[in-house]
S.K.: 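The structure's right below; bear with me while I get my questions together.
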Amino acid sequence: MLARIKEFLGMESKPKEVASEQEVEKVAEEKPKPRIGYIHLSGCTGDGMSLTENYDILAPLLTEMIDIVYGQTLVDLWEMPEMDIALVEGSVCLQDEHSMHELMEVREKAGLVVAFGSCAATGCFTRYSRGGQQAQPSHESFVPIADIVKVDLAIPGCPPSPEIIAKTVVAAINGDMDYLQPMMDLAGYTEACGCDLQYKVVNQALCIGCGTCAMACQTRALTMTNGRPELNSARCIKCGICYVQCPRSWWPADRINKDLGL
Ligand code: SF4
Ligand code: SF4
């Protein structure tokens, strides 16, 4: 199945140029529409809401480029069909048999499994779950979905922006591997923390004091002190977005040059 999807998406061969909007539309017209599913595990539906906030392109995306074939809040269907791309929102509870089965069924039925949002990608604030609450006091262990199944792409964010969701879907349709590469790399970034900035950036003498991390943090867990990020760990929800947004965690120079025509 994965081989078929990769062929369908042109993933075996790198496109020479970044496709123009017209070329993307042409590719979408010529190819069958990808079947996309939205799977809701232990999430808040915020990632799904962010998807629907693509006001500019949502209508053409839904009517011309993709088919949403599954999703408890979007499609009236109980049986999970085969899908090309599955957007999985939420972490998975190890004590919830239904969620575990659903996740494994997604892996069997989807060509590409996407950890959609930080709960699915890194666990996010469900990392703090420890059970003991009614009506399911035994539900205590929540993990990113990559701890259970192979994940192909991760889009961290709490929630991810509407733009990055739309661009990722279009890049997948177009086989734009340059755009997808960071998301493939992030599929292994499951133990996120604001402290990553200290260990992986400041300690490595990579920080340039730009403040992007502090701006990206939605809980204001980071402040800039003497030009370097300082973490208030009590506010950190482990979404990972500060490290993902930091320009010294990865810097796609080739892609930027290509987009700017340099
Ligand atoms: S985003 Fe990265 S480089 Fe910029 S201040 Fe934060 S840690 Fe330093
Ligand atoms: S410091 Fe902020 S952005 Fe970074 S992981 Fe914690 S909550 Fe997320």
Side-chain angles (χ1 to χ4, degrees), residues 41-51 53 87-93 114-130 140-147 151 153-165 167-168 179 181-257 259-260:
L41 297 178
S42 297
C44 69
T45 324
D47 307 311
M49 290 295 291
S50 192
L51 165 75
E53 280 172 16
L87 301 174
V88 182
E89 171 170 349
S91 59
V92 62
C93 176
V114 182
F116 181 39
S118 283
C119 283
T122 69
C124 203
F125 59 86
T126 66
R127 284 291 197 185
Y128 292 100
S129 299
R130 50 183 297 281
E140 63 181 28
S141 314
F142 292 75
V143 295
I145 62 169
D147 281 10
V151 169
L153 303 169
I155 317 178
C158 186
S161 70
E163 291 81 6
I164 201 167
I165 300 167
K167 285 180 177 175
T168 303
Y179 190 86
Q181 187 61 55
M183 282 115 187
M184 290 194 281
D185 295 342
L186 288 168
Y189 180 51
T190 56
E191 296 187 8
C193 171
C195 51
D196 291 337
L197 298 172
Q198 185 65 34
Y199 297 148
K200 299 180 182 175
V201 187
V202 178
N203 285 173
Q204 307 301 321
L206 291 170
C207 180
I208 52 172
C210 64
T212 305
C213 52
M215 281 194 292
C217 179
Q218 295 177 69
T219 63
R220 299 188 185 168
L222 293 166
T223 47
M224 294 300 287
T225 306
N226 297 328
R228 295 292 177 260
E230 183 173 331
L231 175 68
N232 177 350
S233 55
R235 297 185 75 108
C236 177
I237 57 167
K238 300 188 184 295
C239 66
I241 206 64
C242 53
Y243 182 66
V244 170
Q245 293 290 330
C246 169
R248 301 313 300 272
S249 60
W250 52 277
W251 185 251
D254 291 349
R255 174 63 192 237
I256 291 168
N257 288 344
D259 284 355
L260 296 176

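Counting convention: from 1, in listed order, for ligands and their atoms alike.
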S.K.: With heavy atoms only and a cut-off of under 4.0 Å, state how Leu231 meets ligand 2: side chain, backbone, both or neither.
M.R.: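 Contact part for Leu231 vs ligand 2: side chain (C-beta onward).
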S.K.: Just jot down the ligand 2 atoms closer than 4.0 angstrom to any heavy atom of Leu222, in number order.
M.R.: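 Atoms satisfying the 4.0 Å criterion: 1 (S).
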S.K.: Validate the cation-pi geometry between Lys200 and Tyr243: distance from NZ or CZ to the six-membered ring centre under 6.0 Å, angle to the ring axis within 45°.
M.R.: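 Ring-cation test returns yes.
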S.K.: Side-chain contact test, heavy atoms from C-beta onward, threshold under 4.5 Å: evaluate it for Leu231 versus Leu222 and give yes or no.
M.R.: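 They are in contact (side-chain heavy atoms under 4.5 Å apart), so the answer is yes.
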S.K.: Should we say atom OH of Tyr128 is surrounded by more than 12 heavy atoms from elsewhere, each under 6.0 Å from it?
M.R.: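 Atom OH in Tyr128 is packed in, count exceeds 12.
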S.K.: Could you tell me the separation between the SG atom of Cys193 and the OH atom of Tyr199, rounded to the nearest 0.5 Å?
M.R.: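 Taking SG in Cys193 and OH in Tyr199, the distance rounds to 7.0 Å.
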S.K.: What number of protein N, O or S atoms occur at distances under 2.8 Å from atom 2 (Fe) of ligand 1?
M.R.: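 Every protein N, O or S atom under 2.8 Å from atom 2 (Fe) of ligand 1 counted, the figure is 1.
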S.K.: How long is the straight-line distance from NZ of Lys167 back to CD1 of Ile155, given to the nearest 0.5 Å?
M.R.: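 Ile155 atom CD1 to Lys167 atom NZ measures 13.0 Å (nearest 0.5 Å).
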S.K.: Using a 4.0 Å cut-off to any heavy atom of Met224, which atoms of ligand 1 qualify?
M.R.: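 Every atom of ligand 1 under 4.0 Å from some heavy atom of Met224: 5 (S).
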S.K.: For atom 6 (Fe) of ligand 2, find the nearest protein heavy atom and state the residue, atom name and distance (0.1 Å precision).
M.R.: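 So the nearest neighbour among protein heavy atoms is Cys236 SG, 2.4 Å.
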S.K.: Are side-chain heavy atoms of Asp47 and Pro160 found at a separation under 4.5 Å?
M.R.: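 Contact flag for Asp47/Pro160 side chains = yes.
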S.K.: Between Ile165 and Thr168, is any pair of side-chain heavy atoms under 4.5 Å apart?
M.R.: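 No, their side chains stay 4.5 Å or more apart.
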S.K.: Could you check whether any side-chain heavy atom of Asn232 comes within less than 4.5 Å of a side-chain heavy atom of Thr223, counting everything from C-beta outward?
M.R.: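 Contact flag for Asn232/Thr223 side chains = no.
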S.K.: Identify the closest protein heavy atom to atom 7 (S) of ligand 2: which residue and atom is it, and at what distance?
M.R.: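 The closest one turns out to be Ile237 N, 3.3 Å.
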S.K.: Which atoms from ligand 2 have a heavy atom of Ile241 less than 4.0 Å away?
M.R.: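 Under 4.0 Å from Ile241, ligand 2 has these atoms: 3 (S).
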S.K.: Can you tell me which residue and heavy atom of the protein come closest to atom 5 (S) of ligand 2, and the distance to 0.1 Å?
M.R.: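 Of the protein heavy atoms, Gly240 N, 3.2 Å lies nearest.
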S.K.: Nearest 0.5 Å please: distance from the CD atom of Gln245 over to the CH2 atom of Trp250.
M.R.: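 Separation between the atoms: 7.5 Å.
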S.K.: What atoms of ligand 1 come within less than 4.0 Å of a heavy atom belonging to Gly209?
M.R.: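 It comes down to these atoms of ligand 1: 5 (S), 8 (Fe).
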S.K.: So, taking the atom named CE in Met224 and the one named OG1 in Thr212, what distance separates them when rounded to the nearest 0.5 Å?
M.R.: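 Answer rounded to 0.5 Å: 8.5 Å.
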S.K.: For atom 8 (Fe) of ligand 2, find the nearest protein heavy atom and state the residue, atom name and distance (0.1 Å precision).
M.R.: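 Checked against all protein heavy atoms, atom 8 (Fe) of ligand 2 sits closest to Cys239 SG, 2.3 Å.
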S.K.: What residue and atom, counting heavy atoms only, is the protein's closest point to atom 2 (Fe) of ligand 2, and at what distance?
M.R.: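 Minimum-distance protein heavy atom for atom 2 (Fe) of ligand 2 reads Cys217 SG, 2.3 Å.
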S.K.: Between Ser50 and Ser161, which heavy-atom pair has the shortest distance, and what is it?
M.R.: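 In this case the closest contact between Ser50 and Ser161 is OG-C, 3.6 Å.
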